[in-house]
Amino acid sequence: MALQNGHSKKQLDVVVVGGGLVGSLEALYLAKRGHRIRLYEFREDIRYTPQARGRSINLALSVRGRRALKDVGVETHMIEEHGIPMKARRIHRMDGSTYAIPYDARTKQCIYSVGRNYLNARLLQGNLTFT
Ligand SMILES: Cc1cc2nc3c(=O)[nH]c(=O)nc-3n(C[C@H](O)[C@H](O)[C@H](O)COP(=O)(O)OP(=O)(O)OC[C@H]3O[C@@H](n4cnc5c(N)ncnc54)[C@H](O)[C@@H]3O)c2cc1C
């Protein structure tokens with residue numbers, strides 16, 4: 001296999017096992033590089049199953065995660081329509097009072113709460129526009 005700058009120039013047949021967040025994102029990255037991908041998932045297809053098994057709690061998406069999504073063409077659409085910005089964490093003192101600690105007071109960035117299955121389904125969709 002010819003390698004240049006750490007990347008294979010040859011089109012490869014790649015099998016990805018597990019269509020969760022990591023597997024589906026990795027499959028898109030590899031497809032973007034021109035490889036042929038076959039993705040195997042144990043669960044039923046969450047795109048067509050309203051009550052899919054597995055993790056369900058919302059995901060807190062940081063700037064690093066959003067960058068990865070943007071790389072495969074997802075970020076803007078998903079964040080705008082489904083993301084709930086979380087600008088700070090609320091601390092509860094023993095006396096019942098509370099205060100907030102911003103996630104990033106300097107750059108005013110925030111993390112976004114997103115539906116895990118929604119995000120996973122978007123990544124599995126596979127008809128994304130690469131940027
Ligand atoms: C309660 C909770 C809250 C979390 N909150 C956050 C958060 O806010 N932000 C954050 O960044 N991370 C969070 N995480 C971590 C995040 O969920 C994981 O890092 C992420 O889900 C890992 O993705 P994954 O694709 O590796 O695994 P998974 O999402 O578990 O996907 C693995 C997939 O592989 C499939 N599979 C397993 N075995 C096989 C097999 N033999 N053949 C085929 N398919 C198989 C499974 O069915 C599953 O779909 C949280 C985790 C938990 C438990």
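All heavy atoms count here, side chains included; hydrogens, waters and symmetry mates do not. We count ligands from 1, going down the list as the structure has it; atoms in each ligand are counted the same way.
- Relative to atom 11 (O) of ligand 1, the option among Ala60, Gly65, Gly23 with the closest non-hydrogen atom is Ala60.
- Under 4.0 Å from ligand 1, the heavy atoms of Val17 that appear belong solely to its side chain.
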Would you tabulate the side-chain donor-acceptor contacts of residues 59-68 under 3.5 Å, counting partners in other chains and residues two or more places apart, or write 'none'?
{"unit_1": "Ser62", "atom_1": "OG", "unit_2": "Arg64", "atom_2": "N", "d": "3.3"}
{"unit_1": "Arg66", "atom_1": "NH1", "unit_2": "Cys110", "atom_2": "O", "d": "3.2"}

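- In summary, the atoms of ligand 1 found under 4.0 Å from a heavy atom of Glu41, numbered by their order in the structure, are 33 (C), 34 (O), 35 (C), 43 (C), 44 (N), 46 (C), 47 (O), 48 (C), 49 (O).
- Annotation for Leu123 and Leu21: closest pair CD1-O, 4.0 Å, computed over non-hydrogen atoms.
- Those atoms of ligand 1 with a heavy atom of Tyr40 less than 4.0 angstrom away are 43 (C), 44 (N).
- If you number the atoms of ligand 1 from 1 as listed, the ones under 4.0 Å from a heavy atom of Ile57 come out as 1 (C), 2 (C), 3 (C).
- The distance criterion of under 3.5 Å between nitrogen or oxygen atoms is not met by Asn58 with respect to ligand 1.
- Contacts between Phe42 and ligand 1, counted as non-hydrogen atom pairs separated by less than 4.0 Å, involve both the backbone and the side chain.
- Between Tyr99 and Arg93, the closest side-chain pair of non-hydrogen atoms falls below 4.5 Å.
- For the pair Ile111 and Tyr103, the tightest heavy-atom approach, listed with the atom from each and the gap, is CD1-CZ, 3.4 Å.
- The side-chain hydrogen bond (donor to acceptor under 3.5 Å, both in side chains) test with Gln11 singles out one residue from Arg36, His35, Arg33, and that residue is Arg36.
- To the nearest 0.5 Å, atoms CG (Asn117) and CD1 (Ile57) are separated by 12.5 Å.
- Both the backbone and the side chain of Leu59 come within 4.0 Å of ligand 1, judged by heavy-atom distances.
- Residue Arg116 has at least one heavy-atom neighbour below 4.0 Å for each of these atoms of ligand 1: 3 (C), 4 (C), 5 (N), 6 (C), 13 (C), 14 (N), 16 (C), 17 (O), 21 (O), 50 (C), 51 (C).
- Atom CZ of Arg89 has 12 or fewer neighbouring heavy atoms from other residues, nucleotides or ligands inside a 6.0 Å radius.
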